[in-house]
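Atom set for the values below is all heavy atoms of this structure, side chains included, hydrogens, waters and symmetry mates excluded. Source: prediction; values computed, not measured.
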Amino acid sequence: MTSDSLFTSILNLPGGFDSPFTVSVGETILGEFTGGDSIDFVSLFGSGVKEFSVTGLNVDPTNPAVFPIKLDFDTDVASFDMYTLGYQESDPKKVPEPSSVLGLLAFGAVSAVTLRKRQQKLAAQPCR
């Protein structure tokens, strides 16, 4: 986690893998899981966690979209890095912001420009 947020749960682990994978928080191994499984960090640890590991996967380390994990946080918006173990220092792979957040940002920018143009148009009209 790169923001002040915490991971509160893994809502849904992705399917399509031949064998189960292991989920750990620090030195604590939570177990082996498969697609569709969920993990509630708050019920296990009493609070969310800053980081966790999913191991036992055979994935392309250059493609962070290959493991579409669904996560929940203790805040509405969170920023985090997702990377293949062994590539931490040299090649972190950023997870893109959710499209809804980007959509809101784009809507806000368009609204601000439109409002400014209307204000400028009104200011340019002569008073009667």
Side-chain angles (χ1 to χ4, degrees):
M1 185 67 66
T2 59
S3 65
D4 291 333
S5 304
L6 296 173
F7 297 104
T8 55
S9 62
I10 297 173
L11 298 172
N12 190 1
L13 288 162
F17 292 92
D18 293 333
S19 59
F21 28 86
T22 303
V23 177
S24 305
V25 175
E27 298 294 321
T28 304
I29 297 173
L30 303 181
E32 289 191 340
F33 300 89
T34 59
D37 287 343
S38 63
I39 302 166
D40 185 344
F41 296 122
V42 175
S43 68
L44 293 171
F45 296 101
S47 69
V49 298
K50 198 74 171 162
E51 65 182 27
F52 64 92
S53 298
V54 179
T55 57
L57 300 168
N58 185 13
V59 296
D60 176 3
T62 64
N63 183 1
V66 75
F67 194 70
I69 189 170
K70 292 182 182 176
L71 304 169
D72 197 14
F73 317 103
D74 64 348
T75 57
D76 291 335
V77 178
S79 294
F80 61 93
D81 291 336
M82 181 173 159
Y83 49 85
T84 305
L85 294 176
Y87 289 82
Q88 291 180 7
E89 301 299 322
S90 62
D91 191 19
K93 300 296 179 196
K94 301 282 184 181
V95 175
E97 292 289 334
S99 58
S100 59
V101 172
L102 295 176
L104 286 173
L105 291 174
F107 177 75
V110 168
S111 296
V113 168
T114 302
L115 181 61
R116 186 176 184 121
K117 285 182 179 181
R118 284 184 185 167
Q119 288 174 341
Q120 288 173 346
K121 185 177 179 181
L122 287 174
Q125 291 180 352
C127 295
R128 294 181 209 198

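Taken from OG1 in Thr2 to NZ in Lys50, the straight-line distance is 7.5 Å, to the nearest 0.5 Å. Once rounded to the nearest 0.5 Å, the distance linking CG of Leu71 with CG of Asn12 reads 10.0 Å.
The two atoms that bring Met1 and Ala78 nearest to each other are SD-CB, 3.9 Å, heavy atoms only. Shortest non-hydrogen contact noted between Ser19 and Gly56 is OG-O, 4.4 Å.
In this structure the side chain of Thr22 reaches within 4.5 angstrom of the side chain of Ile29, judged on heavy atoms. Between Ile69 and Leu13 the shortest side-chain heavy-atom distance falls below 4.5 Å.
A ring-ring contact (aromatic ring centres under 6.0 Å, His included) check over residues 32-51, counting only residues at least two apart or in different chains, returns the pairs Phe41-Phe52.
Other residues, nucleotides and ligands place no more than 12 heavy atoms under 6.0 Å from the CD atom of Glu51.
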- prompt: side chain to side chain contact (heavy atoms under 4.5 Å, CB included) between Asp40 and Thr8: does it pass, once the steps are laid out?
  reply: CA-CA 6 Å; Asp40 185 344; Thr8 55; 5.7 Å; no
Stepwise side chain to side chain contact (heavy atoms under 4.5 Å, CB included) check, Ile39 with Leu44: CA-CA 9 Å; Ile39 302 166; Leu44 293 171; 3.8 Å; yes
field: Step-by-step side chain to side chain contact (heavy atoms under 4.5 Å, CB included) determination, Ser38 to Leu11
entry: CA-CA 5 Å; Ser38 63; Leu11 298 172; 5.6 Å; no
query: Is there a side chain to side chain contact (heavy atoms under 4.5 Å, CB included) between Ile10 and Lys70 once you walk through the steps?
result: CA-CA 6 Å; Ile10 297 173; Lys70 292 182 182 176; over 6 Å; no
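Side-chain heavy atoms closer than 4.5 Å link hydrophobic residues (I, L, V, M, F, W, Y) into clusters, and following such links, even through other members, never connects Val23 to Val42.
The main-chain N or O of Ser9 is never found under 3.5 Å from a side-chain atom of Asp72 such that the two would form a donor-acceptor pair.
In the model, Ser53 has no side-chain atom that pairs as donor or acceptor with a side-chain atom of Thr55 under 3.5 Å.
Classification of the Phe80-Phe7 ring pair by plane angle, with boundaries at 30° and 60°, yields perpendicular.
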